[in-house]
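Residue numbering restarts at 1 for every chain, and letters A, B, ... go by the order of the sequence lines. Keep in mind that what you see is a predicted model, and the values were worked out from it rather than measured. In what follows, every heavy atom counts, from backbone to side chain, and hydrogens, waters and symmetry copies are set aside.
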There are 2 protein chains.
Amino acid sequence: MSHIVQIRAEGRQALASKGFGTSAVASFDDSAPLKLDCDRDLAPFEIAYQTYGTLNAAKSNAILICHALTGDQHVANTHPITGKPGWWSTLVGPGRPVDTDRFFVICSNILGGCLGSTGPASIDPATGKPYGLHFPVITIGDMVDAQVRLIDRLGIDQLFSVIGGSMGGMQVLEWAASHKERVYSAVPIATAAWHSAQNIAFHEVGRQAVMADPDWRGGRYTEAGVSPRNGLSVARMAAHITYLSEDALQDKFGRTLEAREAKTFSFDADFQVESYLRHQGSTFVDRFDANSYLYITRAMDYFDLKSEHGGILANAFKGTKTRFCVVSFTSDWLYPTRESRAIVQALNAVAANVSFVEIESSKGHDAFLLNEPELFATVTGFINSAADRRGIAPVAASSVAPRPETT
Amino acid sequence: MSHIVQIRAEGRQALASKGFGTSAVASFDDSAPLKLDCDRDLAPFEIAYQTYGTLNAAKSNAILICHALTGDQHVANTHPITGKPGWWSTLVGPGRPVDTDRFFVICSNILGGCLGSTGPASIDPATGKPYGLHFPVITIGDMVDAQVRLIDRLGIDQLFSVIGGSMGGMQVLEWAASHKERVYSAVPIATAAWHSAQNIAFHEVGRQAVMADPDWRGGRYTEAGVSPRNGLSVARMAAHITYLSEDALQDKFGRTLEAREAKTFSFDADFQVESYLRHQGSTFVDRFDANSYLYITRAMDYFDLKSEHGGILANAFKGTKTRFCVVSFTSDWLYPTRESRAIVQALNAVAANVSFVEIESSKGHDAFLLNEPELFATVTGFINSAADRRGIAPVAASSVAPRPETT
């Protein structure tokens with residue numbers, strides 16, 4: 001614990017030189033550059049990752065978790081910067097729906113990220129300075145190609161499952177489309193096969209907010225010893241509204257005033273929803289790199305599996321033997337159910353093995369990260385049934401006994 | 001025309017000293033300050049306004065149009081800054097649904113606005129400098145009280161109708177609640193009786209974007225000879241997304257690229273929706289004052305007719321004799337139909353005379369400003385029927401002959 005406190009005190013930039021606490025890092029040298037969609041080669045590059053559980057002898061029980069826009073590899077362990085539980089520790093862990101007593105779980109920080117994998121904050125070997133905007137614009141496909149390198153490095157031929165929500169779900173779809181033989185099962189949650197005009201629009205607002213901050217300095221803020229905190233905070237606030245439903249905001253805050261009896265007739269955060277948003281913005285900038293935010297939102301905007309397959313999404317999945325479980329939430333207006341249906345229809349068109357669950361929830365897009373018993377039941381049922389079919393040994397009876405709820 | 005071109009070239013700040021082109025200005029001196037909801041007195045103050053048509057001898061044919069957040073008094077004449085047609089020239093004019101051959105139409109720039117009425121950009125008589133953040137935080141009620149002064153000045157006892165959409169609709173409801181005897185009919189369109197948590201949240205993002213801009217200078221940008229253009233532009237971009245529906249964005253832009261064959265793998269505006277939003281942001285800052293944006297959004301957030309009437313909205317309308325026509329649009333997610341229904345239910349609870357029309361439209365909140373034949377038919381029918389009952393002379397047969405569609 002004292003180690004974590006120390007890391008938190010030193011902040012994100014200090015962490016860059018420390019290997020981000022507990023994460024392993026896979027380094028790839030100049031001998032085999034990553035061929036990017038923009039036609040540039042990237043080398044060297046590094047991918048930071050966490051693992052949980054044990055890879056079995058057959059190497060058949062590996063599950064790759066793909067994180068979302070502002071997520072990272074710390075799925076189920078205490079976060080080295082925030083000190084909070086892993087972002088999906090409700091879903092992943094011993095005795096959890098993705099049971100680390102049965103499965104070997106891997107999660108890597110995406111290419112372009114800022115928690116140990118190569119991204120715009122990394123040192124450009126050509127200049128000895130941070131890449132900044134010299135970092136190539138990457139795609140979801142590039143992120144997945146980097147993950148493929150990691151999985152190769154770990155000696156795993158086929159992933160038992162690839163699971164992710166939101167942008168994580170985009171990676172799941174990309175894996176299933178581009179690496180069919182290497183994905184036994186796939187769980188894309190609260191996601192879409194292409195980014196909508198409205199979602200591109202919200203991302204563009206966020207990018208403009210970052211780039212409007214004079215401390216962004218054309219992306220060279222680190223060298224200038226500053227950080228576009230205000231711009232990134234505004235970007236996060238705008239995005240955060242889209243992660244919740246109107247009902248969730250209403251239920252959570254309504255028009256309740258913040259620790260006061262009456263309106264102040266000022267621009268203070270009179271309403272609880274205002275102080276909540278300000279808090280979301282200001283805490284985000286402590287753990288996230290502004291340029292990474294630009295690059296990752298851009299990658300999401302560029303994602304369009306349909307247009308990459310001749311305008312017919314089903315073509316992306318032709319010949320697939322992967323077993324799919326597609327999940328959406330009723331109140332998610334960022335990735336509404338109709339976008340999951342489009343995925344399911346494409347899978348049906350190629351006679352894929354697919355189950356589809358729309359979960360009743362008032363929590364909006366964020367539902368995939370929250371305590372949603374129907375999500376847990378859905379994932380548990382799908383994963384265990386697929387694992388039985390794949391011949392992965394179940395958890396030994398002795399280890400199913402009650403245990404403390406911690407990793 | 002050359003006058004308008006000249007005004008546009010000189011820009012908004014020059015206009016302040018010119019009386020904003022054609023608008024009349026009603027000045028109210030220190031003898032009767034405006035008592036504000038924040039318990040401060042405001043004096044002197046000015047209200048800039050436009051009129052169209054002729055007030056009849058009985059002074060019974062006056063219609064007040066209330067404008068929305070970023071609107072102004074130029075309802076049906078060429079805008080002196082943008083050179084574009086008035087913002088509601090489809091609805092208001094000779095032979096239009098609000099027929100200026102029959103009615104005397106008034107529209108004033110709201111208190112707190114920036115097109116001639118007293119607002120944060122006006123000179124504070126106590127200091128000889130622009131008010132900036134020393135301007136009192138105003139409410140929708142204060143805006144209406146200032147309009148009451150104007151209507152008094154014009155010698156009108158009762159308005160035949162008060163009509164407005166969005167924040168204009170809030171003013172309509174405030175008039176109907178606080179000045180029952182002075183409103184014969186009321187048409188609140190695409191609005192709500194209280195601002196939702198989600199709407200407060202979006203406004204807070206906009207305010208934070210403005211205040212994060214170093215050129216905002218704590219609200220004293222005019223004296224510094226600068227303007228928080230970037231921050232205000234980001235605020236406008238975020239807000240603009242909420243004015244459209246997802247379907248409207250999809251239909252209008254989809255994932256279409258902007259004048260290019262392929263993605264540029266850069267942060268240029270690759271997608272049409274991006275360049276459209278950037279344009280919306282950059283043109284807005286030429287015609288709007290950043291501090292006014294803060295004050296007006298705050299007034300909207302504070303609006304809550306229900307809590308002001310003991311938590312029972314119906315109490316706001318008790319004893320009303322006003323005839324109401326409440327209008328909503330199916331794809332408006334900023335002020336969804338359920339918020340109009342809440343108004344209608346409150347009116348029904350006090351046995352008010354109310355008709356309610358939900359108009360099928362894919363255009364989102366902006367539908368109230370656009371070419372919506374069902375809106376025009378609804379307003380035409382309601383207004384003319386009420387005018388007949390009020391004994392307002394119809395348009396003489398000779399003047400109904402075809403005419404050019406311009407004012």
Side-chain angles (χ1 to χ4, degrees), chain A residues 36-40 133 136-139 194-198 200-202 204-205 207-209 211-215 229-231 233-234 237-238 240-241 244-246 249-250 252-256 263-267 269-274 276-278 281 294 298 301-302 304 307 333 336, chain B residues 36-40 133 136-139 194-198 200-202 204-205 207-209 211-215 229-231 233-234 237-238 240-241 244-246 249-250 252-256 263-267 269-274 276-278 281 294 298 301-302 304 307 333 336:
Chain A
L36 302 175
D37 280 332
C38 65
D39 261 347
R40 280 173 61 182
L133 288 204
V137 167
I138 50 164
T139 65
W194 57 84
H195 221 215
S196 71
Q198 190 179 65
I200 294 172
F202 275 117
E204 174 66 4
V205 168
R207 287 190 294 262
Q208 291 294 319
M211 296 197 279
D213 188 329
D215 283 344
R229 293 179 63 87
N230 290 337
S233 176
V234 167
M237 288 173 67
H240 199 80
I241 300 173
L244 307 176
S245 68
E246 178 161 5
L249 278 165
Q250 181 59 37
K252 206 165 180 172
F253 307 109
R255 296 182 50 82
T256 310
K263 295 173 237 178
T264 61
F265 289 96
S266 75
F267 295 103
D270 271 5
F271 297 104
Q272 281 184 1
V273 67
E274 294 175 301
Y276 170 79
L277 272 186
R278 289 184 191 182
L294 302 182
R298 199 55 167 161
D301 292 350
Y302 273 8
D304 188 350
S307 81
W333 58 277
Chain B
L36 302 176
D37 281 332
C38 65
D39 261 346
R40 280 173 61 182
L133 288 204
V137 167
I138 50 164
T139 65
W194 57 82
H195 221 214
S196 70
Q198 190 179 66
I200 295 172
F202 275 117
E204 174 66 2
V205 169
R207 286 190 294 263
Q208 291 294 320
M211 296 196 280
D213 188 329
D215 282 345
R229 293 180 62 88
N230 290 337
S233 176
V234 167
M237 289 173 66
H240 199 80
I241 301 173
L244 307 177
S245 67
E246 177 160 7
L249 278 165
Q250 180 59 35
K252 208 165 179 171
F253 307 109
R255 297 181 48 84
T256 310
K263 295 173 236 177
T264 61
F265 289 95
S266 75
F267 294 103
D270 271 5
F271 297 104
Q272 282 183 1
V273 66
E274 293 175 302
Y276 170 79
L277 272 187
R278 290 185 190 183
L294 302 182
R298 199 53 166 162
D301 292 351
Y302 274 6
D304 187 349
S307 82
W333 59 276

Between [X] and chain B, with a heavy-atom cut-off of 4.5 Å, which part of the residue counts as in contact: side chain, backbone, both or neither?
{"X": "Leu294(A)", "value": "both"}
{"X": "Phe202(A)", "value": "both"}
{"X": "Thr139(A)", "value": "side chain"}

With respect to chain A, which residue among [options] yields the maximal number of heavy-atom pairs within a distance under 4.5 Å?
{"options": "Phe271(B), Phe253(B), Phe267(B)", "value": "Phe267(B)"}
{"options": "Leu244(B), Val234(B), Asn230(B)", "value": "Val234(B)"}
{"options": "Arg255(B), Gln250(B), His240(B)", "value": "Arg255(B)"}
{"options": "Lys263(B), Gln272(B), Gln208(B)", "value": "Lys263(B)"}
{"options": "Asp213(B), Leu277(B), Asp37(B), Ile200(B)", "value": "Ile200(B)"}
{"options": "Ile138(B), Asp270(B), Thr256(B)", "value": "Asp270(B)"}

Interface moiety of Arg229(B) toward chain A, non-hydrogen atoms closer than 4.5 Å: neither
Engaged part of Leu133(B) at the chain A interface, taking heavy atoms whose separation is under 4.5 Å: side chain
Side chain proximity check, Phe265(A) to Arg40(B), heavy atoms < 4.5 angstrom: no
Relative to chain B, which of [options] shows the most heavy atom pairs under 4.5 Å?
{"options": "Tyr276(A), Trp194(A), Tyr302(A)", "result": "Tyr302(A)"}
{"options": "Met237(A), Arg278(A), Glu274(A), Lys252(A)", "result": "Glu274(A)"}
{"options": "Ser266(A), Pro214(A), Ala238(A), Ala209(A)", "result": "Ser266(A)"}
{"options": "Ile241(A), Asp39(A), Val273(A)", "result": "Ile241(A)"}

Pairing of Asp301(B) and Arg207(B) as salt bridge, 4.0 angstrom limit: yes
Heavy-atom pair of closest approach, residues Ala197(A) and Gly254(B): CB-O, 3.3 Å
Contact summary for Gln198(B) and Ser245(A), nearest pair of heavy atoms: NE2-C, 4.4 Å
Whether Trp333(B) and Trp333(A) hold their rings parallel, tilted or perpendicular, with breakpoints at 30° and 60°: tilted
